[in-house]
Trainee: 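Take a look at this one; I'll ask things after.
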Amino acid sequence: MSAQPRIVEVRERVLKQNDFLARELRQRFHEAQVRVVSLVSSPGSGKTTLLEETLRILAGDRNVAALVGDLATENDARRLRRSGARVKQITTGTVCHLDASMIATAISDWDLAALDILFVENVGNLVCPASYDLGEDLRVVLLATTEGEDKPLKYPTVFNTADIAVITKIDLAAAVEFDADSAHRNIQTVRPKMTVLEVSAKTGTGMEAWIKSLSQLQRPG
Ligand SMILES: Nc1nc2c(ncn2[C@@H]2O[C@H](COP(=O)(O)OP(=O)(O)OP(=O)(O)O)[C@@H](O)[C@H]2O)c(=O)[nH]1
Ligand SMILES: [Mg+2]
């Protein structure tokens with residue numbers, strides 16, 4: 001007999017368990033009145049750079065914190081801590097995504113009620129994170145101009161499970177002959193009516209609209 005059905009069975013059990021934990025997390029976040037925003041993208045699309053700028057801008061008048069996932073290194077947490085926000089690195093070893101249990105462990109000693117927004121940067125990967133609910137309110141998928149306009153068509157699941165798409169590194173668009181119309185069309189093909197922002201965290205282009213979309217996130221209650 002083929003081993004395939006057994007693998008599928010175990011995978012389904014893992015996802016079910018994750019969904020259960022994510023529901024519990026969402027309930028805890030709701031009770032603590034903290035909004036949770038997760039970022040997913042392929043490696044190097046600019047998640048940490050966008051978050052560095054976001055934390056720097058928001059840290060003055062909102063209580064913000066971040067969790068950041070990577071297979072190895074504390075590099076991203078170190079970068080994000082420069083904003084003064086509370087930041088914890090989750091190192092996943094060989095695992096290519098965060099899951100709800102990793103989030104629960106990371107925040108086990110945090111006073112969630114003291115926070116307004118908790119950001120979660122997922123491991124850089126366009127495939128694995130898609131299936132794992134982290135209890136977030138808003139999932140943001142990033143697509144860098146340098147990656148090619150066809151990524152939404154090639155990796156539809158991650159775009160389908162996101163609420164907002166952010167096209168990053170817009171300052172490099174001309175240099176890499178980025179076809180914005182095609183990128184927008186491809187995103188809308190996969191996820192019709194999805195909100196799409198164009199941002200450069202380096203030059204500040206589009207940052208105002210991005211911050212505004214976060215400030216429209218109301219506390220639950
Ligand atoms: N020109 C330009 N470069 C950018 C921009 N955003 C990020 N970068 C550069 O892109 C590279 C990767 O950025 P990161 O923010 O580390 O990307 P990441 O998605 O967090 O990467 P991983 O965590 O490894 O998946 C760095 O060299 C950044 O300086 C941007 O808006 N414009
Ligand atoms: Mg990063």
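Atoms within each ligand, like the ligands themselves, are counted from 1 in listed order.
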Trainee: Would you tell me whether Thr49 and Arg79 have side-chain atoms, one donor and one acceptor, within less than 3.5 Å of each other?
Mentor: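 Short answer, yes.
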Trainee: Given Met207, Lys202, Lys169, Glu53, which one has a non-hydrogen atom that is nearest to atom 10 (O) of ligand 1?
Mentor: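 The nearest heavy atom belongs to Lys169.
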Trainee: Identify which protein N/O/S atoms are less than 2.8 Å from the Mg ion (ligand 2).
Mentor: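 Near the Mg ion (ligand 2), the protein supplies Thr48 OG1, Asp76 OD2, Glu121 OE2.
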Trainee: With a 3.5 Å cut-off and no angle check, do the side chains of Thr105 and Ser108 form a donor-acceptor pair?
Mentor: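 Per modelled atom types, Thr105 and Ser108 side chains form no pair under 3.5 Å.
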Trainee: Would one find an N or O of Gly46, backbone or side chain, under 3.5 Å from an N or O of ligand 1?
Mentor: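 It does: an N or O of Gly46 is found under 3.5 Å from an N or O of ligand 1.
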Trainee: Are side-chain N/O atoms of Ser42 and Glu147 paired as donor and acceptor at under 3.5 Å?
Mentor: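 Looking only at side-chain atoms, Glu147 and Ser42 do form a donor-acceptor pair, the distance falling under 3.5 Å.
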Trainee: Quick one: does Val37's side chain get under 4.5 Å of Asp137's, heavy atoms only?
Mentor: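 Side chain of Val37 against side chain of Asp137, heavy atoms only: no contact under 4.5 Å found.
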Trainee: Under 3.5 Å, is there a donor-acceptor pair between the Thr145 and Lys169 side chains?
Mentor: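 Not at all, the side chains of Thr145 and Lys169 share no donor-acceptor pair under 3.5 Å.
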Trainee: Can you tell which of Ser42, Gly124, Gly44 gets a heavy atom nearest to atom 24 (O) of ligand 1?
Mentor: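 Looking at heavy atoms only, the winner is Gly44.
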Trainee: Non-hydrogen atoms of Asp171 versus ligand 1: any pair closer than 4.0 Å?
Mentor: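 Contact present.
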Trainee: Do Thr48 and Asp76 pair up side chain to side chain, a donor and an acceptor below 3.5 Å, judged on atom types alone?
Mentor: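 Note: Thr48 and Asp76 side chains meet the donor-acceptor criterion.
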Trainee: Does Glu121 have a heavy atom less than 4.0 Å from any atom of ligand 1?
Mentor: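 Flag set, Glu121 near ligand 1.
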Trainee: My understanding is that only residues two or more places apart in sequence, or in another chain, count here; which of them pass side-chain contact (heavy atoms from CB on, under 4.5 Å) with Thr189?
Mentor: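 Thr189 satisfies side-chain contact (heavy atoms from CB on, under 4.5 Å) with Leu153 only.
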Trainee: Going by a strict under-4.0 Å cutoff (protein heavy atoms only), does atom 27 (O) of ligand 1 have a neighbour on the protein?
Mentor: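 Protein heavy atoms within 4.0 Å of atom 27 (O) of ligand 1 - there are none.
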Trainee: With no hydrogens and no angle check, is any side-chain donor or acceptor of Ser83 less than 3.5 Å from a backbone partner on Ala85?
Mentor: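 Yes, Ser83 side chain to Ala85 backbone: donor-acceptor pair under 3.5 Å.
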Trainee: Restricting to non-hydrogen atoms, name the atom on Ala100 and the atom on Asp133 that form the minimum distance, rounded to 0.1 Å.
Mentor: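 Taking every non-hydrogen atom into account, CB-O, 3.8 Å.
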Trainee: Mark whether atom 30 (C) of ligand 1 lies under 4.0 angstrom from at least one protein heavy atom.
Mentor: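 So atom 30 (C) of ligand 1 has protein heavy-atom neighbours under 4.0 Å.
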